[in-house]
Protein chains: 2
Amino acid sequence: MPAAKISQNTAPQSQPARSGPAQPRTQAGLASSLRIAVGRLNRRIRNQREDDSLTLNQLSALGILERKGPLPVGELAACERIRPPSMTRIVSGLEELGLAVREPDQVDRRVINVRITDAGKARTAADRKRRDAWLTHKLRDLTPDERERLRAALPVLEKLAGL
Amino acid sequence: MPAAKISQNTAPQSQPARSGPAQPRTQAGLASSLRIAVGRLNRRIRNQREDDSLTLNQLSALGILERKGPLPVGELAACERIRPPSMTRIVSGLEELGLAVREPDQVDRRVINVRITDAGKARTAADRKRRDAWLTHKLRDLTPDERERLRAALPVLEKLAGL
DNA sequence: TCTAACTCATTACCTTTGCTAAAGGCCAGT
DNA sequence: ACTGGCCTTTAGCAAAGGTAATGAGTTAGA
């Protein structure tokens, strides 16, 4: 099957072993490499979903509601660093699934508080485990040193991400 | 303007200072935190583009073409860990901008080799600098220790991302 | 008090970016 | 010369984000 080798006819591809990413010595190099790695890793994570599982946003929003209690749509959007209309859509999906409910605020009737339901809490734990299964598995394949590096860098990533 | 405080009426929000994300002690916790951080950081990076700049994918594809020379669409897609149809669209965009050209392979006329043009090379350097400006700036605001943690973790992130 | 300006959520619509399925052209082995 | 397989592309779908405009509710000032 010659088809698989055709690129060698036209592409230089001098050192087959040197396929790794560039080495970031400068600060701009670090930024560039980090940008690429984060983009690809995010794509891979996003694709690891089974058909009936919640989307990343649904899961993330439920997590916040679980940790912080009921929140207005706008604040929930701010937590996720997205705009209110986007959060409205996510909340609508959650409400249709019965995982969250909208409750008009008693004090200021412009705001709609979103609360996670018991079904939502039950679903979150199970779903998060499935959702993270791929990544957890990948982490298990790392060396302890590599895991430690990730753990050490995580707060920095979160800082860059705006918490 | 009391409107901004309304959430305090309904949300617990006991400790204002404890707004940081959960501490990942377990491996699943690490996976979860990493997933969320990577997702948000990616979103922030992606949004830092000026109107006339290339998209992340266009920039990334051009970078590969610049480093590796002309490649068939399918291989280019494999490098980016995306499917061929997605790469077709990216290449079409680049071709419209005159930054890359499609060249039917001489040997196997099913494959279309993609080559970066001189205009593409010129554009890449300038654009990448602008593109990374935000992240570079953020990196500059970190402490040397934080930067070092990122640098140490970068190879691990790249490994997880599949290079 | 009553009106003007503001705020919150939502609706409507658009964009980007990925996917799968299927079509069309091309290659190779039987 | 078929038949099956491979590479690209087209067509259509879904997720996830955005802006602009609308409607309802609130606040502040004349």
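Chain naming here is simple, since letters A, B, ... match the order of the sequence lines and numbering starts at 1 in each.
A/Asp145 is linked by a side chain to side chain donor-acceptor pair (under 3.5 Å) to A/Arg149, counting only residues two or more places apart in sequence or in another chain. Residues satisfying the salt bridge (charged side-chain N to carboxylate O under 4.0 Å, His left out) criterion with B/Arg115, sequence neighbours excluded, are B/Glu103. Annotation: side chain to side chain contact (heavy atoms under 4.5 Å, CB included) contacts of A/Lys121 (sequence neighbours excluded): A/Glu66, A/Ile116, A/Asp118. Partners of B/Thr124 under the side chain to side chain donor-acceptor pair (under 3.5 Å) rule, at least two apart in sequence or in another chain, do not exist in this structure. By the side chain to side chain contact (heavy atoms under 4.5 Å, CB included) test, B/Glu146 pairs with A/Val156, A/Lys159, B/Leu142, B/Thr143, sequence neighbours left out. Under the side chain to side chain donor-acceptor pair (under 3.5 Å) criterion, A/Glu95 pairs with A/Arg102, not counting sequence neighbours. Residues meeting the side chain to side chain contact (heavy atoms under 4.5 Å, CB included) test with A/Leu97, sequence neighbours left out: A/Leu54, A/Gln58, A/Leu99. Taking A/Glu80 as the reference, A/Ser60, B/Arg40 meet the side chain to side chain donor-acceptor pair (under 3.5 Å) condition, with sequence neighbours excluded. Partners of A/Arg123 under the salt bridge (charged side-chain N to carboxylate O under 4.0 Å, His left out) rule, at least two apart in sequence or in another chain, are A/Asp127.
For DNA chain D, each stem of at least three Watson-Crick or G-U pairs (distances under 3.5 Å) is given as range with range: C:1-30 with D:1-30.
Each of B/Val91 and A/Ser86 has a nearest nucleotide on DNA chain D; the 5'-most of these lies closest to B/Val91. Toward the 5′ end of DNA chain C lies the nearest nucleotide of A/Gly74, the other residue of the pair B/Pro84 and A/Gly74 mapping further downstream.
Rounded to an integer number of Å, the gap from CD of A/Gln58 to P of D/dG17 is 11 Å. Note: CG (B/Asp105) to P (C/dG25) measures 19 Å, nearest angstrom. When the C1' atom of D/dT8 is taken as reference, atom CG of B/Asn113 falls 12 Å away, rounded to whole Å. As rounded to whole Å, 16 Å separates atom C1' of D/dC6 from atom CZ of B/Arg83. The separation between A/Leu71 atom CG and C/dC8 atom P is 14 Å, rounded to whole Å. For the pair A/Leu54 CG and D/dA15 C1', the interatomic distance rounds to 14 Å; values are reported in whole Å. In this structure, the CE atom of A/Met87 is 15 Å from the P atom of D/dT19, given to the nearest Å. One interatomic measurement links the two molecules: CD1 of B/Ile82 to C1' of D/dA15, which rounds to 16 Å at whole-angstrom precision.
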For nucleotides 14-17 of chain C, give me every protein contact, N/O to N/O, under 3.5 Å, one pair per line with atom names.
none

Give every pair of a protein N or O atom and an N or O atom of nucleotides 20-25 of chain D that lie under 3.5 Å apart, one pair per line with the distance.
residue, atom, partner, partner atom, Å
D/dG25, N2, A/Arg110, NH1, 3.2

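Side-chain atoms of B/Thr117 come within 3.5 Å of backbone N or O of B/Gly98 as a donor-acceptor pair.
Screening B/Val114, B/Ile64, B/Asn113 for a side chain to side chain contact (heavy atoms under 4.5 Å, CB included) involving B/Leu71 leaves a single residue, B/Ile64.
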